Amino acid sequence: MPRLTEYLLPTEREAPADAEAISHRLLVRAGLIRQVGAGLWTWLPAGWRTHQRIVQVIREEMDAIGAMEMLMPILQPAELWRRSGRYDGFGGELFKLRDRKDTDMVLAPTSEEVITTHAATLIRSYRDLPRVLYHFQTKERDEPRPRAAVLRSREFVMKDSYSFDRDRDGLDVSYERHARAYDRILDRCGLEWYSVEADVGAMGGFGAHEYMAPCPAGENDVVLAPGYAANLEVAAAAPQPVELPSALAAPEQVDTPGMTTIAQVAQALGLPEGALLKAYPVVLPDESLALVMLRGDHRVNDIKLGLALGSPFRQASAEEIERRLGPPGSIGPVGAQTRIILDDAVVAGAGAYVVGANRPDCHLRGVVPGRDFAFERGDVREVVAGDTVSGHRVRIERAIEVGNIFKLGTRYSDVLGASYLDQAGAARPVWMGCYGIGPARIAAAAIEQFADERGISWPRAISPFAVHLVTLGKDGSEERELAERVYDELVSAGVDTLYDDRDAGPGEKFADAELLGCPLRVTIGRRTLQSGEIEVQVRRGQEARALPLEGAAAAIAELWHHAA
RNA sequence: CGGGGCGUGGCGCAGCCUGGUAGCGCGCUCGCUUUGGGAGCGAGAGGUCCCGGGUUCAAAUCCCGGCGCCCCGACCA
């Protein structure tokens, strides 16, 4: 157990000028990490202690569901990635390099290719299934924009596990087990968290959940209602109603000189923005145009739109819009010779909308979908706060994604030849799932969620130390002797203790202790000698208690185990 | 990839516009004092001013090119 005079804990009074996120500022200030380059960070000793505590929690819960720890290399042959289609399909985030024999290699951002290749030769019979394998390994991703220190870095440790099952039902079981293990991991790490429905991504799949830790520095938006939680990327909800003007016998042209935005037109006509329809023109892979129509107060969700279209798409350029429909700013569905997707939030028949007229400076009102233009339906809009799920209004909040679980199916086993013989002797593809969780993000999320103006406040399970022992006495003083004794007792009692034995003033020591954020701070000074009591401060809430000097170490150990 | 900003001792910054050979606070070292909320006095150490080129008698400062880092957006198995 370290004495601060012999330990590397370079605390700083001021955060780096360019650090914005709380976790970034505090990780650096508390002496837990240092930067090496963009998205590249060194974990210093105390920081690594926290990281390793999180790793151990994850390890215990993975082992508890029968998963087997192993280790696969970071440096991998490009050939495997070519076979899976991800050598080019992964995008610019994949680090590519050559070895001395000029063989193409990659630095692995994840390990489906390698694990599936092993499965192809090591798993032969239905008797070999199910299996769950995992490792903690450094991941390499050439992120376009690393940010907020360890929140999004280019190199980080991730636990990734892979399940192998005989069939879809087996995968469901493995998936569910992982979900429960992740629940326990995040509970034990002391985070506020929830799991949300997630996008299955471009690689396909049969289901996915993300584990989210709410905090403002997060990069994801989560839609929440009682009994409902989903990533904004895939969330669906009932729209807030909008009062529509009644239909006209036929669409009627209105002049809207110079008005090219929903807000301008709505205001000029005295209508709510939701009574207008905005058009979002997209180009499909065959170069055909499709017009997505949704309420003026709503926005397109590109992921949901992609799912609804069933194909990739891109936004039409201004030039394409001009040439094939009309002037951007007043395009609309009436008379348009394109496929039209009408968002589910748009009602058909109960009123009329205002749409672009495909002519400059005018719109059409009294337009009734179905009567005035044909359409296909689709839920393609982004949920907004105030929409409802099962009658409950949703709210949207920011969160850090700390883990995810994903039903892969046979996408990798098919292309990498991972099959087994069933009881009838027939070859069948192995059904796979993959499951990731990031210790660094858990640490950062814990800081974000519990820090106060004085610094970090670690959840007990992941604090670098249980007790931060502060001695105020000068070397050789009576109170220093006492502190030394209590320190020895704490160490003997098995309490992880950081002992601040520096010859520094009390203000500096207290400030450093609160910055580092261990759950308990124990102070021994002259007062202790006078009162015969040791002061213990609980970091969360700064509650102070006094413990009798006699048997103090045991009482502190007790406090740590039960009350902290 | 688009937009914005910043590179000067370990950290935070000034100096740059108007060229004259680098300064402040904190930290660090030594001494003395101080010791329950970042204490005081004194003496010190420490800098290729991001890199390269150019202009000039002279460049941290002006010009050109490059590199690095941060923030916002796009992207993100």
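Every chain is numbered from 1, with letters handed out A, B, ... down the list of sequences. All values reported here derive from a predicted model rather than from experimental measurement.
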For nucleotides 2-8 of chain B, 5' to 3', base contacts (B), sugar-phosphate-only contacts (S) and non-contacts (-) with protein non-hydrogen atoms under 4.0 Å give -------
Treating primed atoms plus P, OP1 and OP2 as sugar-phosphate and everything else as base, which nucleotides of nucleotides 38-46 of chain B get B, S or - for protein heavy atoms under 4.0 Å? B--------
No-H, no-angle donor-acceptor pair, A:Glu14 side chain to B:rG10 base, under 3.5 Å: no
Between the side-chain atoms of A:Arg141 and the base atoms of B:rA77, is any donor-acceptor pair under 3.5 Å? yes
Spacing of the [atom1] atoms in [M] and [N] (rounded, Å):
| N | M | atom1 | result |
| --- | --- | --- | --- |
| B:rA58 | B:rG19 | C1' | 8 Å |
| B:rC24 | B:rU35 | P | 30 Å |
| B:rU61 | B:rU56 | P | 16 Å |
| B:rG9 | B:rU48 | C1' | 12 Å |
| B:rC1 | B:rG23 | C1' | 41 Å |
| B:rA74 | B:rG3 | C1' | 11 Å |
| B:rC62 | B:rU8 | P | 16 Å |
| B:rA22 | B:rU18 | P | 23 Å |

Nearest-Å distance for atom pair [atom1]/[atom2], residues [X] and [N]:
| X | N | atom1 | atom2 | result |
| --- | --- | --- | --- | --- |
| A:Glu143 | B:rC76 | CD | P | 11 Å |
| A:Leu469 | B:rG36 | CG | C1' | 14 Å |
| A:Glu219 | B:rG73 | CD | C1' | 12 Å |
| A:Arg314 | B:rC75 | CZ | C1' | 18 Å |
| A:Leu232 | B:rC76 | CG | P | 15 Å |
| A:Glu479 | B:rU34 | CD | P | 14 Å |
| A:Ile303 | B:rA74 | CD1 | C1' | 13 Å |
| A:Asp221 | B:rC75 | CG | P | 13 Å |

Hey, mind stepping through A:Asn301 and A:Asp379 against side-chain contact (heavy atoms from CB on, under 4.5 Å) and telling me if it holds? CA-CA 9 Å; A:Asn301 175 322; A:Asp379 177 12; over 6 Å; no
Would you say that more than 12 heavy atoms from the other residues, nucleotides or ligands in this model lie under 6.0 Å from the CZ of A:Arg314, or not? yes
Complement of [N], any strand, by Watson-Crick or G-U distances under 3.5 angstrom:
| N | result |
| --- | --- |
| B:rG44 | B:rC28 |
| B:rG68 | B:rC6 |
| B:rG38 | none |
| B:rA14 | none |
| B:rC76 | none |
| B:rU21 | none |

When A:Ser457 is tested against each of A:Glu514, A:Gln449, A:Arg540 for side-chain hydrogen bond (donor to acceptor under 3.5 Å, both in side chains), which residue passes?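 Answer to the side-chain hydrogen bond (donor to acceptor under 3.5 Å, both in side chains) test with A:Ser457 among A:Glu514, A:Gln449, A:Arg540: A:Arg540.
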As an exercise, state the distance from [atom1] of [X] to [atom2] of [Y], rounded to the nearest 0.5 Å.
| X | Y | atom1 | atom2 | value |
| --- | --- | --- | --- | --- |
| A:Glu533 | A:Leu549 | CD | CG | 9.5 Å |
| A:His468 | A:Leu516 | NE2 | CG | 6.5 Å |
| A:Thr11 | A:Asp512 | OG1 | CG | 3.5 Å |

Quick check: does any side chain N or O of [X] sit under 3.5 Å from a backbone N or O of [Y], one acting as donor and the other as acceptor?
| X | Y | value |
| --- | --- | --- |
| A:Lys509 | A:Asp500 | yes |
| A:Glu93 | A:Arg141 | no |
| A:His178 | A:Ser174 | yes |
| A:Ser413 | A:Val430 | yes |
| A:Asp343 | A:Val380 | yes |

Sugar-phosphate, base or nothing in reach of [X], heavy atoms under 4.0 Å:
| X | value |
| --- | --- |
| A:Pro144 | base |
| A:Thr528 | base |
| A:Pro10 | nothing |
| A:Ser477 | nothing |
| A:Arg521 | base |
| A:Gln530 | nothing |

May I have the step-by-step check of salt bridge (charged side-chain N to carboxylate O under 4.0 Å, His left out) for A:Asp221 and A:Arg398, ending in yes or no? CA-CA 5 Å; A:Asp221 291 298; A:Arg398 301 287 278 177; 3.2 Å; yes
Position toward the 5' end of RNA chain B (nearest nucleotide), A:Thr110 or A:Arg526: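 On the 5' side of the pair lies A:Arg526.
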Assuming nearest nucleotide by heavy-atom distance, tell me which of A:Asn220 and A:Glu533 is located more 5' along RNA chain B. A:Glu533
Quiz item: cation-pi between A:Lys407 and A:Tyr175, 6.0 Å / 45°: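 Yes, a cation-pi geometry holds between A:Lys407 and A:Tyr175.
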Does A:Tyr499 have A:Arg3 sitting over its ring (NZ/CZ under 6.0 Å from centre, angle to axis within 45°)? no
Enumerate the protein-to-nucleotides 66-70 of chain B contacts in which both atoms are nitrogen or oxygen and the separation is below 3.5 Å.
{"from": "B:rC69", "atom 1": "OP1", "to": "A:Ala38", "atom 2": "N", "distance (Å)": "2.8"}
{"from": "B:rC69", "atom 1": "O3'", "to": "A:Gln35", "atom 2": "NE2", "distance (Å)": "3.4"}
{"from": "B:rC70", "atom 1": "OP1", "to": "A:Gln35", "atom 2": "NE2", "distance (Å)": "2.9"}
{"from": "B:rC70", "atom 1": "O2'", "to": "A:Asp18", "atom 2": "O", "distance (Å)": "2.9"}

A:Asp165 and A:Arg131: salt bridge (charged side-chain N to carboxylate O under 4.0 Å, His left out), yes or no, with the steps? CA-CA 7 Å; A:Asp165 279 281; A:Arg131 292 289 185 272; over 6 Å; no
